[in-house]
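Encoded as structure tokens, the structure appears first; notes follow it.
This is a predicted model, so every value here is computed, not measured. FYI, side chains are in, hydrogens and waters are out, and symmetry mates aren't considered; it's all heavy atoms of this structure. When a residue number appears, it is its place in the shown sequence, counting from 1.
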Amino acid sequence: MTSQTTARFDPADPQLVVQGTGARPASATLTGRRAHVAGRITGGGKTWTARFPLRAARWGGPELPLPAGEYSLRIDGVELDAQLPLRLLPGLRVELRGDTLVVGPPIDPIYDGAEAQAALERRYVDHTAPLENAVFFESFYGRGAGCNPLAIDRELARTAPGVIRYWSVVDLSVRVPEGAIAVVEGSPEWWRARSVARLLVVNDWLRRRYSRRKGQTVLQTWHGTPLKRLALHRPGFDPRRAGAVVRESLRWDVLLAQNPYAARILRKAYAFLGRPLWVEGYPRNDVLTTGDVAAVRAELGISPGERVLLYAPTWRDDRQEIVDFLDPVALASESGSVVLVRGHSRTLLPGHDLEGARVIDVTGYPDTAPLLLAADALITDYSSVMFDFGVTGKPMYFLVPDIEHYRGQLRGFYFDLTAHAPGPVVRTQDELVAALAADPAAHAERYVAWTARFNARDDGRAAERVVARILDRGFVKATGR
């Protein structure tokens, strides 16, 4: 098919509009790593038009701008060579390079680059603006709005609705909680929010040379009880890494731990000395005792009565994308289950959604805890989800084909997983399938010991206790702005 095409951005929706001559194409798509958009084709005969919305809804949520990244533009039978310069549209930044649409966060190009960011930093480090009765939340560097910060946000919104809540996000495809204000990392609004909030609640390192103001408090919730060695405990001594760890931990005023075991490790691994460490269970796990399983499954499109397996491996220091030790399509077929695949937050941006019959890639799902609630069983390796899933009482399986390499070279462990795991430890997918068919009661005694050690405070009220501490200590005020 030969077609003359033109393209333009329509800011009203916003959308990409491609027009051509000749027969009407059969299909039109925009395909990215974590999002897919079908074009709406109208016309035919002499001319046709394909409209691509630059917003999408996922997991039952609202329509939001597409995630940042490159999207392959395909119109059946048409060769595309249109070029559209970079343009700011509502909620995103776009540029068309032939058959590739480049989507970015909605930040004016004048703020791109190290020099412009340094100027913004200097502006807000001056600390001239008064502090606000506000909280600045960040989860996994803004790639999502979940984990412990999300649970604390929800409880704070319930008990202290007068508090302003800012959420740091990489772009506006990240769904933030109702009533919260999304601030895109690197924007003037982001720099300002981080400077004026009385309390910062984060679950990972603060970046971009955070400078604490007098009257500000940083609550570091962290993001899991550790099996793998962290920070100062990682294999091999690196003076620069050690210096970075100490500098980072000095920014934290309060550290949250799920249990006494984690508290001991985190205090030593981060040299967190002489400052409060709260052992209150994990707020993110409250939903595991109070949540609605049926609602989460319906959101994921899973029929009632289906057996659901969640595969959630951790990331690897020596690769960017999710490990390929498991074939989810084959597992779904062999086990007669729906398989959810949840990559670590560090594999979200470089990776891409897996597809297949009875397989749902939930790496981009807003939060992990509801997925644990929806699953009938967990398959993991060295991820801290093993310490959360114990709250459910449901079976766990450990697929660890690289355990010697991971334990001996990449990270190392704080305890012998094989000796204490509350479920089968297997090396191959065949062994996993066999274990899934066996009676999980064989590991009941270990399971009881596991939950007694790691989940004693995960009673559904952790967020309530943490927020009560926040308000009692005056980090923010319950009323007034």
Side-chain angles (χ1 to χ4, degrees), residues 135-142 147-152 168 194 197-285 314-315 317 345-346 382-384 387-388 411-415 453-458 462-463 465-476:
V135 183
F136 177 95
F137 290 96
E138 186 173 83
S139 176
F140 297 117
Y141 303 146
C147 193
N148 293 310
L150 174 62
I152 293 170
S168 169
R194 198 166 71 153
R198 288 176 56 87
L199 174 65
L200 287 80
V201 178
V202 299
N203 73 347
D204 213 321
W205 284 33
L206 287 158
R207 296 153 300 138
R208 295 183 181 250
R209 300 190 297 275
Y210 170 69
S211 175
R212 183 195 290 106
R213 294 181 59 177
K214 183 179 180 180
Q216 279 190 320
T217 301
V218 175
L219 168 57
Q220 172 60 260
T221 73
W222 203 240
H223 51 266
T225 289
L227 167 68
K228 56 192 177 191
R229 292 188 173 273
L230 300 173
L232 297 177
H233 294 161
R234 290 177 63 169
F237 177 71
D238 182 338
R240 288 183 298 179
R241 183 176 69 202
V245 167
V246 173
R247 285 193 299 273
E248 174 64 23
S249 72
L250 288 173
R251 295 168 169 169
W252 309 339
D253 298 290
V254 181
L255 181 58
L256 180 65
Q258 184 179 6
N259 47 59
Y261 158 84
R264 289 191 298 272
I265 289 174
L266 290 171
R267 189 178 286 284
K268 293 178 180 179
Y270 277 99
F272 189 77
L273 308 174
R275 285 160 287 166
L277 198 155
W278 299 348
V279 183
E280 292 290 5
Y282 258 177
R284 71 184 187 187
N285 290 338
T314 192
W315 67 291
D317 298 75
S345 66
R346 289 179 182 261
Y382 323 114
S383 170
S384 65
F387 301 104
D388 303 315
R411 276 300 185 96
F413 297 152
Y414 286 109
F415 63 84
R453 185 181 186 190
F454 301 119
N455 302 118
R457 296 285 277 168
D458 289 317
R465 291 191 294 270
V466 170
V467 169
R469 283 185 180 239
I470 288 171
L471 297 176
D472 287 347
R473 285 154 180 77
F475 295 161
V476 289

Exactly one candidate in L200, V254, V135 meets side chain to side chain contact (heavy atoms under 4.5 Å, CB included) with F475; the answer is V254
Distance, nearest 0.5 Å, that separates OH of Y261 from OG1 of T225 | 7.5 Å
Check: T221 and R284 side chains under 4.5 Å, non-hydrogen atoms | no
Within the side chain of R275, is there an N or O that forms a donor-acceptor pair under 3.5 Å with the backbone of W252?
-> yes
Side chain of N203, backbone of F140: donor and acceptor closer than 3.5 Å?
-> yes
Which atom of L206 lies closest to which atom of E248, heavy atoms considered = N-OE2, 2.8 Å
Y270 side chain near Q220 side chain, heavy-atom distance below 4.5 Å = no
Begin from the C-alpha positions of R234 and D317 and carry the test side-chain contact (heavy atoms from CB on, under 4.5 Å) through to its verdict.
-> CA-CA 11 Å; R234 290 177 63 169; D317 298 75; 2.8 Å; yes
Grab the two heavy atoms, one from A463 and one from A151, that are nearest each other, plus how far apart they are.
-> CB-O, 3.8 Å
With sequence neighbours left out, the residues meeting side chain to side chain contact (heavy atoms under 4.5 Å, CB included) with T314 are K228, R316, H344, D381, Y382, S383, Y406
Within 45° of the axis and under 6.0 Å from the centre of the six-membered ring of Y210, does NZ or CZ of R194 qualify?
-> no
Side chain to side chain, W205 and V245, heavy atoms closer than 4.5 Å | yes
Would you check if the side chain of D458 reaches a backbone N or O of D388 as a donor-acceptor pair within less than 3.5 Å?
-> no
Kindly indicate, with the supporting measurements, whether the criterion side-chain contact (heavy atoms from CB on, under 4.5 Å) is fulfilled by R457 and Q258.
-> CA-CA 7 Å; R457 296 285 277 168; Q258 184 179 6; over 6 Å; no
Go through the steps to decide whether I152 and V467 satisfy the test side-chain contact (heavy atoms from CB on, under 4.5 Å), and finish with yes or no.
-> CA-CA 7 Å; I152 293 170; V467 169; 4.0 Å; yes
If only atom types and distance count, is the side chain of N259 paired as donor or acceptor with the main-chain N or O of N455 below 3.5 Å?
-> no
Show the numbers, then the answer: is there a side-chain contact (heavy atoms from CB on, under 4.5 Å) between Y282 and F454?
-> CA-CA 10 Å; Y282 258 177; F454 301 119; over 6 Å; no
Shortest non-hydrogen separation from L256 to G281 and the atoms involved = CD1-O, 4.2 Å
Over all atoms of both residues, closest heavy-atom pair of L230 and P226 = CD1-CB, 3.7 Å
On a heavy-atom basis, the closest approach of G412 and P235 is N-CG, 4.5 Å
If you measure from the Lys or Arg side-chain nitrogens to the Asp or Glu carboxylate oxygens, is any gap between R469 and E280 under 4.0 Å?
-> yes
G215 backbone acceptor or donor facing R198 side chain under 3.5 Å = no
For H223 and D204 the tightest heavy-atom approach is CE1-OD2, 3.4 Å
Calculate, to the nearest 0.5 Å, the distance between atoms CD1 and CH2 belonging to I470 and W278 respectively.
-> 5.5 Å
Can R213 be said to sit on top of F136's aromatic six-ring, NZ or CZ under 6.0 Å from centre and within 45° of the ring axis?
-> no
Atom CZ in R251, atom CZ in R207: separation rounded to 0.5 Å?
-> 10.5 Å
